[in-house]
Amino acid sequence: AHVGLAKAIRGYAPDRGKAFISYLLPTVTGEIKRHFRDSTWAVHVPRDTQARRQRLNHIRQELEQRLARVPTVGEIAGAMELTVREVETVMLASESYNASSFEAHGEDVPPSLEARMGVEDGNLELVVHRESLRAACACLEHRQRLILKRRFFDDWTQARIAEEVGCSQMHVSRLLTASLQALHAVMADPP
């Protein structure tokens with residue numbers, strides 16, 4: 001606003017017969033709009049894309065009201081008289097308007113971006129063991145492999161496995177023990 005006031009003072013020409021206030025208001029308003037347009041985006045976005053963002057938000061709201069659902073990109077593009085690609089560009093650029101801080105904390109603050117980013121998989125160390133186990137499982141019958149999968153990967157109870165396989169829970173227990181012993185022998189003495 002101060003910059004707009006300074007520009008209005010410098011640019012005002014009293015000989016034109018207009019009141020100073022009629023020159024001051026649009027100059028200050030323009031400077032304020034320019035400030036928000038140029039400094040509120042997290043990254044530089046072309047001016048025409050910034051203007052389209054406002055129109056896109058307005059049209060999206062109108063379409064949501066009229067259609068009673070979220071409009072498709074094609075519907076938005078049709079209403080804006082733009083191509084789907086141009087609308088997608090504006091939507092992508094709109095994501096740059098509000099940036100999230102890595103260190104934002106507080107009750108009203110959602111989890112930080114850092115907390116939402118990918119982390120190292122805790123099971124990464126198990127990859128070699130699982131691949132070795134996969135090869136060792138080839139020595140087992142299909143039913144034994146199914147029982148191992150249900151028990152150790154799907155976390156099923158022996159009773160539930162027995163219902164699926166069609167045998168008693170005791171037999172499932174015996175098959176599990178025999179399968180684990182066979183796997184242990186193969187893993188301890190690889191070919």
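Any value given below was found using the heavy atoms of this structure, including those in side chains, with hydrogens, waters and symmetry copies removed.
- In plain terms, the two heavy atoms of V70 and E64 that are nearest each other are CA-CG, 4.1 Å.
- In terms of heavy atoms, G4 sits closest to E31 at CA-CG, 3.4 Å.
- Scanning both residues, A8 and T27, for their nearest heavy atoms gives N-CG2, 3.9 Å.
- Taking OG of S168 as the start and CD of Q158 as the end, the distance is 10.0 Å to the nearest 0.5 Å.
- Closest non-hydrogen pair, R52 versus V90, comes out as CB-CG2, 3.7 Å.
- Atom CD1 of I161 sits about 6.0 Å away from atom CG of L176, to the nearest 0.5 Å.
- With rounding to the nearest 0.5 angstrom, the OG atom of S179 is 13.5 Å from the CZ atom of R174.
- For the pair A138 and R145, the tightest heavy-atom approach, listed with the atom from each and the gap, is O-NH1, 4.2 Å.
- To the nearest 0.5 angstrom, R10 atom CZ is 10.0 Å from L5 atom CG.
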With a 3.5 Å cut-off and sequence neighbours excluded, list the donor-acceptor pairs that the side chains of residues 146-153 form with protein atoms.
unit_1	atom_1	unit_2	atom_2	d
K149	NZ	D154	OD1	3.3
K149	NZ	D154	OD2	2.9
R150	NE	E164	OE1	2.8
R150	NH1	D154	OD2	2.7
R150	NH2	E164	OE2	3.1
R151	NH1	W156	O	2.9

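- Note that the CD atom of Q144 and the SG atom of C139 stand 8.0 Å from one another [nearest 0.5 Å].
- Transitive grouping of hydrophobic side chains (ILVMFWY, heavy atoms separated by less than 4.5 Å) brings L175 and L133 into a common cluster.
- I9 and V28 fall within the same hydrophobic cluster, where Ile, Leu, Val, Met, Phe, Trp and Tyr residues are linked whenever their side-chain heavy atoms come under 4.5 Å apart, directly or through other members.
- Under the 3.5 Å distance criterion, with hydrogens and angles disregarded, a donor-acceptor pair is assigned to the side chains of E62 and H58.
- Remark: the backbone N or O of I76 is not paired with any side-chain donor or acceptor of R60 at under 3.5 angstrom.
- Remark: the backbone N or O of V128 is not paired with any side-chain donor or acceptor of E131 at under 3.5 angstrom.
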Would you mind writing out the side-chain donor-acceptor pairs for residues 11-25 within the sub-3.5 Å range, not counting sequence neighbours?
unit_1	atom_1	unit_2	atom_2	d
Y12	OH	K18	O	2.5
S22	OG	A19	O	2.6

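- Looking at heavy atoms from C-beta onward, R69 lies in side-chain contact with E75 at the 4.5 angstrom threshold.
- Between A79 and L63, the shortest heavy-atom contact is CB-CD1, 4.2 Å.
- Between E88 and R85 there is no salt bridge, since none of the side-chain N atoms of the basic residue sits less than 4.0 Å from a carboxylate O of the acidic one.
- In this structure, CD in Q54 is found 12.0 Å from CD1 in I59, a value given to the nearest 0.5 Å.
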